[in-house]
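Note: hydrogens, waters and symmetry copies are ignored here, and every other heavy atom, side chains too, is used. By convention here, the first residue in the shown sequence is residue 1.
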Amino acid sequence: MRAVRERCAWTKTIDHRDLVPYLMEESAEVIDAVETGTRADLREELGDLLWQVLFHAEIAAGDADDPFDIDDVARGLTEKMVRRHPHVFGDAVASTPEEVLVHWNAAKAAEKNTRTSVLDGVSDHMPALALAQKIVGKAAQVGVPAPAHRLADPETEAELGDALLALVQLARARGWDAERALRERLRALRTEVRVVEERARSERA
């Protein structure tokens with residue numbers, strides 16, 4: 001990576017922002033390999049995704065004000081994983097996935113103690129459906145319920161896929177933008193969550 005960065009006329013001009021579309025593309029191709037590809041496909045796509053990590057780290061290493069390299073990235077990740085697995089690297093006990101999650105969330109909360117909302121750290125760049133699932137989960141943590149609807153309740157994940165596809169087709173037939181509709185509803189849900197959080201802080205004060 002260092003040699004390519006130094007000697008390739010295209011690579012040496014690239015910055016973090018330039019790489020974002022490639023990071024998204026390579027991540028999508030890993031997902032494709034997991035869901036429908038071969039073992040060889042997965043091995044190749046994981047390599048391509050790793051190249052993106054190495055690329056970003058090499059760009060960061062050349063930053064004049066705040067440089068870091070791939071060793072710093074690996075070291076930080078190692079320290080984080082040790083903190084978040086006290087049942088593996090410490091004396092804590094966790095015999096079920098639920099107990100593991102308790103340790104993970106406690107460690108994460110301690111690391112992110114400057115956050116003031118359960119929504120802090122949730123990226124708007126996630127695909128709309130993944131973002132919706134994340135925000136609905138966060139909203140539940142502060143007692144904000146997910147919106148109810150008259151649509152039939154699917155009994156399986158496959159039926160859920162059919163229902164989602166039917167809604168997309170309905171949006172298309174009526175000239176609506178399904179992605180925009182969901183994102184706008186999520187913005188409203190975010191506002192509801194922050195109002196509830198602010199009310200709770202005021203009551204504690």
Between [Y] and [X], does any NZ, NE, NH1 or NH2 come within less than 4.0 Å of an OD or OE carboxylate oxygen?
{"X": "Lys80", "Y": "Glu111", "answer": "no"}
{"X": "Arg204", "Y": "Glu197", "answer": "no"}
{"X": "Arg201", "Y": "Glu198", "answer": "yes"}

Does [X] share a hydrophobic cluster with [Y], counting links as ILVMFWY side-chain heavy atoms below 4.5 Å and allowing steps through other members?
{"X": "Ile31", "Y": "Leu164", "result": "no"}
{"X": "Val118", "Y": "Trp104", "result": "no"}
{"X": "Trp51", "Y": "Ile14", "result": "yes"}
{"X": "Leu50", "Y": "Leu46", "result": "no"}
{"X": "Val136", "Y": "Leu160", "result": "yes"}

What residues, two or more places apart in sequence or in another chain, satisfy side chain to side chain donor-acceptor pair (under 3.5 Å) together with [X]?
{"X": "Arg17", "value": "none"}
{"X": "Asp71", "value": "none"}
{"X": "Glu26", "value": "none"}

### Message
Tell me which one of Arg7, Arg2, Met1 satisfies side-chain contact (heavy atoms from CB on, under 4.5 Å) with Arg5.
### Response
Met1
Return the minimal non-hydrogen interatomic distance between [X] and [Y], and the atom names on each side.
{"X": "Ala128", "Y": "Glu179", "value": "CB-OE2, 3.4 Å"}
{"X": "Arg75", "Y": "Asp72", "value": "NH1-OD1, 2.8 Å"}
{"X": "Pro67", "Y": "Asp63", "value": "CB-O, 3.3 Å"}
{"X": "Ala178", "Y": "Val168", "value": "CB-CG2, 4.5 Å"}
{"X": "Val122", "Y": "Arg190", "value": "O-NH2, 3.6 Å"}
{"X": "Ala92", "Y": "His103", "value": "CB-CE1, 3.6 Å"}

Nearest-0.5 Å distance that lies between atom [atom1] in [X] and atom [atom2] in [Y]:
{"X": "Asp32", "Y": "Leu42", "atom1": "CG", "atom2": "CG", "answer": "11.5 Å"}
{"X": "Lys12", "Y": "Glu58", "atom1": "NZ", "atom2": "CD", "answer": "12.5 Å"}
{"X": "Lys112", "Y": "Asp120", "atom1": "NZ", "atom2": "CG", "answer": "10.5 Å"}
{"X": "Leu129", "Y": "Arg183", "atom1": "CG", "atom2": "CZ", "answer": "9.5 Å"}
{"X": "Glu192", "Y": "Ile135", "atom1": "CD", "atom2": "CD1", "answer": "11.0 Å"}
{"X": "Leu131", "Y": "Lys138", "atom1": "CG", "atom2": "NZ", "answer": "12.0 Å"}

State, yes or no, whether a side-chain contact exists between [X] and [Y] at a heavy-atom distance under 4.5 Å.
{"X": "Ser27", "Y": "Leu49", "value": "yes"}
{"X": "Ile70", "Y": "Val53", "value": "yes"}
{"X": "Glu98", "Y": "Leu101", "value": "no"}
{"X": "Leu182", "Y": "Leu186", "value": "yes"}

Is [X] atom [atom1] crowded by more than 12 heavy atoms from other residues, nucleotides or ligands, each under 6.0 Å away?
{"X": "Met126", "atom1": "CE", "answer": "yes"}
{"X": "Arg43", "atom1": "CZ", "answer": "no"}
{"X": "Gln133", "atom1": "CD", "answer": "no"}

### Query
Taking the inter-plane angle between the rings of His85 and His87 on a 0 to 90° scale, is it parallel (under 30°), tilted (30 to 60°) or perpendicular (over 60°)?
tilted
### Task
Evaluate the criterion side-chain contact (heavy atoms from CB on, under 4.5 Å) for residue pair Glu44 and Asp48; output intermediate values, then yes/no.
CA-CA 6 Å; Glu44 178 183 357; Asp48 290 346; 4.2 Å; yes
### Task
For Phe55 and Leu23, run side-chain contact (heavy atoms from CB on, under 4.5 Å): C-alpha distance rounded to whole Å, both residues' side-chain angles, the deciding distance at 0.1 Å, then the answer.
CA-CA 10 Å; Phe55 204 155; Leu23 178 60; over 6 Å; no
### Query
For Val196 and Arg199, what are the C-alpha separation, side-chain angles and deciding distance, and is it a side-chain contact (heavy atoms from CB on, under 4.5 Å)?
CA-CA 5 Å; Val196 168; Arg199 184 182 303 131; 4.1 Å; yes
### Query
Got a donor-acceptor contact below 3.5 angstrom from the Glu45 side chain to the Asp41 backbone?
no
